[in-house]
Protein chains: 2
Amino acid sequence: MQARRQKHEGITRINSKVARDINRSIILATVRRGQPIPRSEIAEITRLNKSTVSSIVARLIDEELLIESPDRIGGGTVGRKPVNLSLAQGKHFIGAISFDAPCTRVAIVDINGTLRARDEIWTKVVSPESLVAQSVARLNALRATIGPHKFHGIGASVGGIVDADQSRVIYSANLGWSNVDLSALIREQAPDVETISVENDAKASALAELLWGAHRISSANLVFVLVGVGIGAGITINGRVLSGDTHAAGEVGHMTVVEGGERCSCGNSGCWHLYASEQALIRWFTELKSTTPGSVPAVALSDVVDAARAGDADALKALQTWAQHVGVGIGDLMCILDPSAVIVGGPITQVWDLVGDTVNASAGGRRPLASQHKTTVLPTSLPDNPPLLGAAALSIRSVFADVTISM
Amino acid sequence: MQARRQKHEGITRINSKVARDINRSIILATVRRGQPIPRSEIAEITRLNKSTVSSIVARLIDEELLIESPDRIGGGTVGRKPVNLSLAQGKHFIGAISFDAPCTRVAIVDINGTLRARDEIWTKVVSPESLVAQSVARLNALRATIGPHKFHGIGASVGGIVDADQSRVIYSANLGWSNVDLSALIREQAPDVETISVENDAKASALAELLWGAHRISSANLVFVLVGVGIGAGITINGRVLSGDTHAAGEVGHMTVVEGGERCSCGNSGCWHLYASEQALIRWFTELKSTTPGSVPAVALSDVVDAARAGDADALKALQTWAQHVGVGIGDLMCILDPSAVIVGGPITQVWDLVGDTVNASAGGRRPLASQHKTTVLPTSLPDNPPLLGAAALSIRSVFADVTISM
DNA sequence: TTCTTAGTTGGTTTACACAACCAACTGACT
DNA sequence: AGTCAGTTGGTTGTGTAAACCAACTAAGAA
């Protein structure tokens, strides 16, 4: 049990313990994806021997991670009916926190990825200590309602640059944090928790989309573009988050999309976030309105959206300009990474019916050859806030340590 | 022996054979990186037991992959002197072919990655059949000079979109090929070869830089940008090539770098290759010259380079404009991927002393936070043509099946 | 009853870990 | 110079854990 918790990153030698752990994880992942599923099918998929599957499954049932479901669906028309296996419900839980201003969300998730309870904190001025204390207190309160079951870990997502290996927040513009040992702060408030994982919000959202998204993504190469106050991307390669050498992979806000364009605080000009963030939309709208006599200056994104829904031509025009620029950057991402899917999250998804086509046209035009197999840009299919589900996805990994071996 | 050749991609269950194969590969990789190295140090690094290392090393010596070097360097001041191990020289070979127009290169490489023999074919009009026949014939001729040693595989790199899994060339503009089963064509001419690997030239070059580059790249996240007639990038993540869903990852020529810029055949405008390829340099030079009275139109890259070396102001200016645009695209790559290194290959490296600073300034300016740890753009450090060494790197993998396990 | 598929049981194989051992070398003390 | 403790490198024999295999039982259909 202890050994399993240990991280096998990169090159690890194989001994019998590691081998068993890996096969255990493979079986768990197979059940997660295919439940309900009989042992025989697991054996076929994993190419493990029937007896090996039986023995590992027995342990997993013992650990209350799997159950034999009484409903005997499936199996051939003849022969003994299979005993189906599923993930056990209501036995193992994990916690999720999505730190953000002005809204920090907490939730309890079961190992199937379903939210069992959730809560929110609205704040503006936030020191790391106080926000962590508040949010973990809420999480503990939710835990109390669930009962005395196994609680594995806490996952936390943060908008900003995060060192996931060290569980530290390097910098967050939204929250005004820098160099915060988030793992230590959380552990102070929840000392009994086994694992704590911290990750950037877009990266976490990408993981959540892979695990629980309705779009069935084929090959686990995904780009999740979170369009909000800033703009960030979470890239997964083979189902694993791309961190980057300085944990800054996917910090795409400063990509050049307009050569010689507007000056940015980064010292350069034409950066993507100047044209594709919420602020950009608001700016375009106010610019258009200022030329129209009798204008009302918009202050929030919702004003522009409401105006557009009411048929305001300027609002619609601003949305189109915005969408077009969002698409340009996504096109670059597609050129470089050739992902199986690009998923967009954030407030933009509320107006996807208005902007989706423009984003796709702007993004998909390039790529001369791959035209038949067209990667499309889709809005998130997650049933709740992506960064919160992302945080949940992070902590799920503490149970499902998913494995890849490549030679 | 047979089982080892089999590819373990993605999820594979572990049985004793796979476990031993993995440990064998780990030991081989450890020796490759640290040679000469004693058994005790291998045991320490891999955390395998001394006895396990001894037993696997014994087999590797038996297979003539390792030798005990007589030179007993290293070891502490006291105690028994270590027996150092190195990769065996002159016992195992592989072939490399870099298909390109107008020059296709072939080489024989030993398992240390050193070129033992090489040859070139200059052609313009090339059917796949004839070029493969010619090049494999040259390779076989080189093989004959090496002697009757173990010949493992052939690696081939091609400029264009390549399906590495199927060893097919999907499309190559340079060669005018499309949908070529390159593996089958090569096998026809060299039926005894065990493995044949095919890959895009930039991707292969990235691998070569990782394996044999003088820049010691820390974390194996590398971007190799091949600037030539077209512009292509090879991205490695954790030492593995990023293929992309449609094998088009790194096809960065059609990234937008100039919003509303020049029209491209892809239907879009402002594509990077219009501003950063060799053609772009030549075009800028001729544009500058056409405004200068008494100009001589340049026809080739070398003309511009020669003029610049001779102190021609227009040539220098054209080079700077070129470099600046190369840098913009690289900056985008750095934003998205945050690699540990960006390496540039192609003719541009010949004038790196003139353009290097401009490329770096243009690429590195963005990235507001990661400023202290600055990723720099460097010219390739490979001692020969990158795509040829890349092809060699591909085939090296058939011997050194390098392993990563992540949980 | 026979056939088919699901799952279990007991024995076999393989490979790694462990510990005791041999090997080779240093240096200090006699 | 000779000897022996101390140290490090590498080998050998034994134990154990895990997956495989083949023969088995279980359960249901034709």
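Bear in mind the structure is a predicted one, so any value in this text is a computation, not a measurement. The chains referred to below are lettered A, B, ... by the order of the sequence lines, with proteins before strands, and numbering in each begins at 1. Note that these values count all heavy atoms, side chains included, but never hydrogens, waters or copies made by symmetry.
- In this structure, B/Lys81 places its NZ atom 8 Å from P of C/dC25, rounding to the nearest Å.
- Between A/Asn23 and the phosphate of D/dA19, there is a side-chain N or O to OP1/OP2 separation shorter than 4.0 Å.
- Contact annotation: B/Arg13 reaches the phosphate of D/dC20 (side-chain N/O to OP1 or OP2, under 4.0 Å).
- In the interface, the side chain of A/Arg80 is not paired with the base of D/dA27 through any donor and acceptor atom under 3.5 Å apart.
- Between B/Glu194 and B/Lys150 there is a salt bridge, with a side-chain nitrogen of the basic residue lying less than 4.0 Å from a carboxylate oxygen of the acidic one.
- Listed pair B/Ser54 / D/dG10 fails the phosphate criterion, with no side-chain N or O lying under 4.0 Å from OP1 or OP2.
- B/Ile22 places its CD1 atom 18 Å from the P atom of C/dT14, with the value rounded to the nearest Å.
- Position along DNA chain C of the nearest nucleotide to B/Lys50 versus B/Ser16 favours B/Ser16 as the more 5'-ward residue.
- Taking atom CG of residue B/Asn49 and atom C1' of nucleotide D/dT14, one finds them 13 Å apart after rounding to whole Å.
- Distance CZ (A/Arg47) to C1' (D/dC21): 16 Å, rounded to an integer number of Å.
- Rounded to an integer number of Å, the gap from CD1 of A/Ile14 to C1' of C/dA17 is 15 Å.
- A/Ser40 comes within contact range of the sugar-phosphate backbone alone, with a heavy-atom separation under 4.0 Å but no base atom that close.
- For the pair B/Arg143 and B/Phe151, the cation sits on the ring face: its NZ or CZ lies under 6.0 Å from the ring centre, inside 45° of the axis.
- Here B/Arg24 pairs with B/Glu63 in a salt bridge; the nearest charged N to carboxylate O distance falls below 4.0 Å.
- Remark: B/Arg116 engages B/Asp110 in a salt bridge, criterion side-chain N to carboxylate O under 4.0 Å.
- Close to D/dA18, at under 4.0 Å from its OP1 or OP2, lies a side-chain N or O of A/Arg59.
- Atom CG in B/Leu66 sits roughly 13 Å away from atom P in D/dG10 (whole-Å rounding).
- Residue A/Arg59 holds its CZ atom at 13.0 Å from CG of A/Leu65, rounded to the nearest 0.5 Å.
- We find that CG of B/Asp21 is positioned 15 Å from C1' of D/dA19, with the value rounded to whole Å.
- Side-chain atoms of B/Arg20 and base atoms of C/dA15 include no donor and acceptor less than 3.5 Å apart.
- Between the CG atom of B/Leu85 and the P atom of D/dG9 there is a distance of 13 Å, rounded to whole Å.
- Distances shorter than 4.0 Å separate some side-chain N or O of A/Thr52 from OP1 or OP2 on D/dC20.
- Put simply, B/Asn15 has a side-chain N or O that comes within less than 4.0 Å of OP1 or OP2 on D/dC20.
- Toward the 5′ end of DNA chain C lies the nearest nucleotide of A/Glu41, the other residue of the pair A/Glu41 and B/Ser51 mapping further downstream.
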